[in-house]
2 protein chains.
Amino acid sequence: MTKSFVYTASIQDYLKHIYLLLERGEAVTTTALAQRLKVRPASVTGMLRRLARSEPPLIVYQKHRGVMLTEAGKRAALEVIRHHRLIETWLVQSLGYSWDEVHEEACRLEHVISEQLEARLASLLGNPAYDPHGDPIPDQDLNLPPDTTLPLASLRPGQQGRICRVQSEQKELLRYLEQKGLRPGVSLVVVDYSPFDGNLTILPQSPDASPFVIGLAVSLKVFVEVLP
Amino acid sequence: MTKSFVYTASIQDYLKHIYLLLERGEAVTTTALAQRLKVRPASVTGMLRRLARSEPPLIVYQKHRGVMLTEAGKRAALEVIRHHRLIETWLVQSLGYSWDEVHEEACRLEHVISEQLEARLASLLGNPAYDPHGDPIPDQDLNLPPDTTLPLASLRPGQQGRICRVQSEQKELLRYLEQKGLRPGVSLVVVDYSPFDGNLTILPQSPDASPFVIGLAVSLKVFVEVLP
DNA sequence: CAAAAGATTTAGTCATACCTGAATTCTATT
DNA sequence: AATAGAATTCAGGTATGACTAAATCTTTTG
């Protein structure tokens with residue numbers, strides 16, 4: 001058995017979500033984890049103790065003070081995330097899934113693919129650095145590409161950006177954005193900004209697009225590279 | 001969740017192996033199942049009771065008398081087998097695995113792919129009816145293609161056959177046959193037969209092949225279609 | 001700063017899904 | 001009818017994790 005399988009699916013899920021919270025700069029609280037994992041906070045505390053006491057320790061955990069991943073924990077998390085994102089890419093590129101359909105499938109497959117399959121899948125897909133949502137895929141050594149993106153919400157009228165990433169697993173949101181023509185690779189110009197509600201009016205740079213308004217909640221989940 | 005996931009991996013494995021034993025005409029004994037599943041006979045008895053009492057019942061089980069699959073049990077078994085064989089086909093056709101490398105990977109993946117993925121995979125591969133070992137793949141409605149093959153062991157000198165199936169998961173055997181040029185699709189002529197040990201001398205119908213001897217144990221695992 | 005609110009942890013349970021050895025019972029063979 | 005071998009029952013064990021309720025800690029707020 002390869003290294004990534006010494007951990008149960010559940011342990012891998014905890015590590016994955018800890019990593020994802022850290023990655024987004026959100027606080028890794030017991031409650032946040034409980035929500036994501038759909039368990040009770042008490043269960044999270046229990047698992048955090050296990051992760052901290054495991055050999056090797058996967059997290060550093062001081063009660064009431066929060067959680068950090070150890071090197072081993074980070075590796076395990078990135079391994080699962082690499083699996084997840086490669087699988088999502090495969091489902092879209094090779095099997096004709098749309099980007100709102102891939103998440104659950106990837107969540108089940110990510111725990112059972114071997115290192116060999118991971119490698120061959122990556123190679124089949126051309127060693128992609130980003131998945132269909134623009135999420136970065138750790139490379140074979142689990143290194144991530146540098147991230148120079150900003151949330152769309154931070155752009156102001158006149159500024160131009162290219163969409164790099166849509167950070168959401170919500171089917172409806174993804175379908176909505178898809179339908180508005182907002183997906184990674186698309187450029188857009190900000191036309192207006194309302195300081196009261198944070199709404200942005202944007203114009204995608206595609207021939208048949210017209211300007212429309214996008215709310216703060218959404219524009220915080222869309223990440224862009226600012227264009228000169 | 002789709003139907004195939006109401007059963008645990010372990011239940012699916014029991015059903016699969018019951019089906020495979022039945023398919024090969026071998027007796028579905030407690031010991032045979034225990035060997036295949038690498039557990040003790042006592043554990044098998046325990047699980048058989050569960051499978052018989054489950055709702056719907058998956059097997060008909062009278063103690064000391066053997067096991068039959070119910071319709072539901074057969075469907076569940078065929079579902080897993082379809083997954084397994086489609087995945088093996090995919091690994092070979094799309095990812096460049098050799099036929100001796102695919103079994104373990106398929107054994108893990110077969111339990112976690114959705115009906116949707118199953119369908120798309122099948123379609124990507126052109127709805128294959130046979131996997132890389134020549135094992136028949138149940139179609140979407142779980143029907144199997146008719147089987148008109150005979151074990152190579154039953155051919156006699158002068159008879160010609162085309163290999164349809166190699167019924168083994170043993171890596172070494174598969175590699176050996178591969179190297180001898182014996183894989184599904186290949187035609188051969190039987191040149192000699194020894195009634196004492198059951199050895200067959202065969203000549204593959206390929207340009208650079210020379211006759212060689214194949215033992216009874218092996219020739220019972222290779223299935224051919226007799227050619228006129 | 002004290003009290004309330006909110007988040008987190010502890011303690012004690014429960015549940016699932018198996019597996020096991022040892023003793024027993026059944027079946028088939030001779 | 002004795003016996004070998006196969007199968008079953010019994011009582012118990014392990015591994016994962018989840019849960020509630022009560023206690024404790026931290027943060028906020030009047």
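Chain letters run A, B, ... following the sequence lines, proteins first, then strands; residues in each count from 1.
- Among the protein residues, A/Ser10 comes within range of the sugar-phosphate backbone only, with heavy atoms under 4.0 Å from sugar or phosphate atoms but none that close to a base.
- Regarding contacts with the backbone of D/dA6, every side-chain N or O of B/Thr29 stays at 4.0 angstrom or more from both OP1 and OP2.
- Distance OH (B/Tyr14) to C1' (C/dC18): 8 Å, rounded to an integer number of Å.
- The CD-P distance, from A/Gln62 to C/dT9, rounds to 11 Å in whole Å.
- Dashed line: the shortest gap from a side-chain N or O of A/Ser43 to OP1 or OP2 of D/dC19 is under 4.0 Å.
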Donor-acceptor contacts, no H, no angles, side chain residues 128-143 of chain B, under 3.5 Å, sequence neighbours left out:
| residue | atom | partner | partner atom | Å |
| --- | --- | --- | --- | --- |
| B/Asp131 | OD1 | B/His133 | N | 2.7 |
| B/Asp131 | OD1 | B/Gly134 | N | 3.1 |
| B/Asp131 | OD1 | B/Asp135 | N | 3.0 |
| B/His133 | ND1 | B/Glu88 | OE1 | 3.0 |
| B/His133 | NE2 | B/Trp99 | O | 2.8 |
| B/Asp135 | OD1 | B/Arg165 | NE | 2.6 |
| B/Asp135 | OD1 | B/Arg165 | NH2 | 3.2 |
| B/Asp139 | OD1 | B/Asp141 | N | 2.8 |
| B/Asp139 | OD1 | B/Leu142 | N | 3.0 |
| B/Asp139 | OD1 | B/Asn143 | N | 2.9 |

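- Between B/Glu104 and B/Lys171 there is a salt bridge, with a side-chain nitrogen of the basic residue lying less than 4.0 Å from a carboxylate oxygen of the acidic one.
- Put simply, CD1 on B/Ile18 and CD on B/Glu23 are 14.0 Å apart, with the number rounded to the nearest 0.5 Å.
- A straight line from CZ of B/Arg53 to C1' of C/dA17 spans 17 Å, rounded to a whole angstrom.
- In this structure, A/Arg40 places its CZ atom 10 Å from P of D/dA21, rounding to the nearest Å.
- Taking side-chain N and O atoms only, B/Arg49 has a distance below 4.0 Å to OP1 or OP2 of D/dT9.
- The separation between B/Lys38 atom NZ and C/dC18 atom C1' is 18 Å, rounded to whole Å.
- Not one side-chain nitrogen or oxygen of B/Thr31 sits closer than 4.0 Å to the OP1 or OP2 atom of D/dA6.
- Here D/dC25 is the nucleotide among D/dC25, C/dT20, D/dT8 with the atom lying nearest to any side-chain atom of A/His64.
- Each of B/Ala42 and A/Arg65 was matched to the nucleotide of DNA chain D holding its nearest heavy atom; the match closer to the 5' end belongs to B/Ala42.
- If you take CZ on A/Arg82 and CG on A/Leu86, they are separated by 5.0 Å, rounding to the nearest 0.5 Å.
- The side chain of B/Thr30 lies closest to D/dT8, out of D/dT8, C/dT9, D/dC19.
- Separation of atoms OH (B/Tyr19) and CD1 (B/Ile81) is listed at 6.0 Å; rounding is to 0.5 Å.
- OP1 or OP2 of C/dC18 has at least one side-chain nitrogen or oxygen of B/Arg50 nearer than 4.0 Å.
- Distance CD1 (B/Ile59) to P (D/dA7): 14 Å, rounded to an integer number of Å.
- Here A/Lys63 reaches the OP1 or OP2 of C/dT10: one of its side-chain N or O atoms lies under 4.0 Å away.
- Distance B/Met47 CE to C/dC18 C1': 7 Å, rounded to the nearest Å.
- With rounding to whole Å, A/Asp13 atom CG is found 14 Å from D/dT16 atom C1'.
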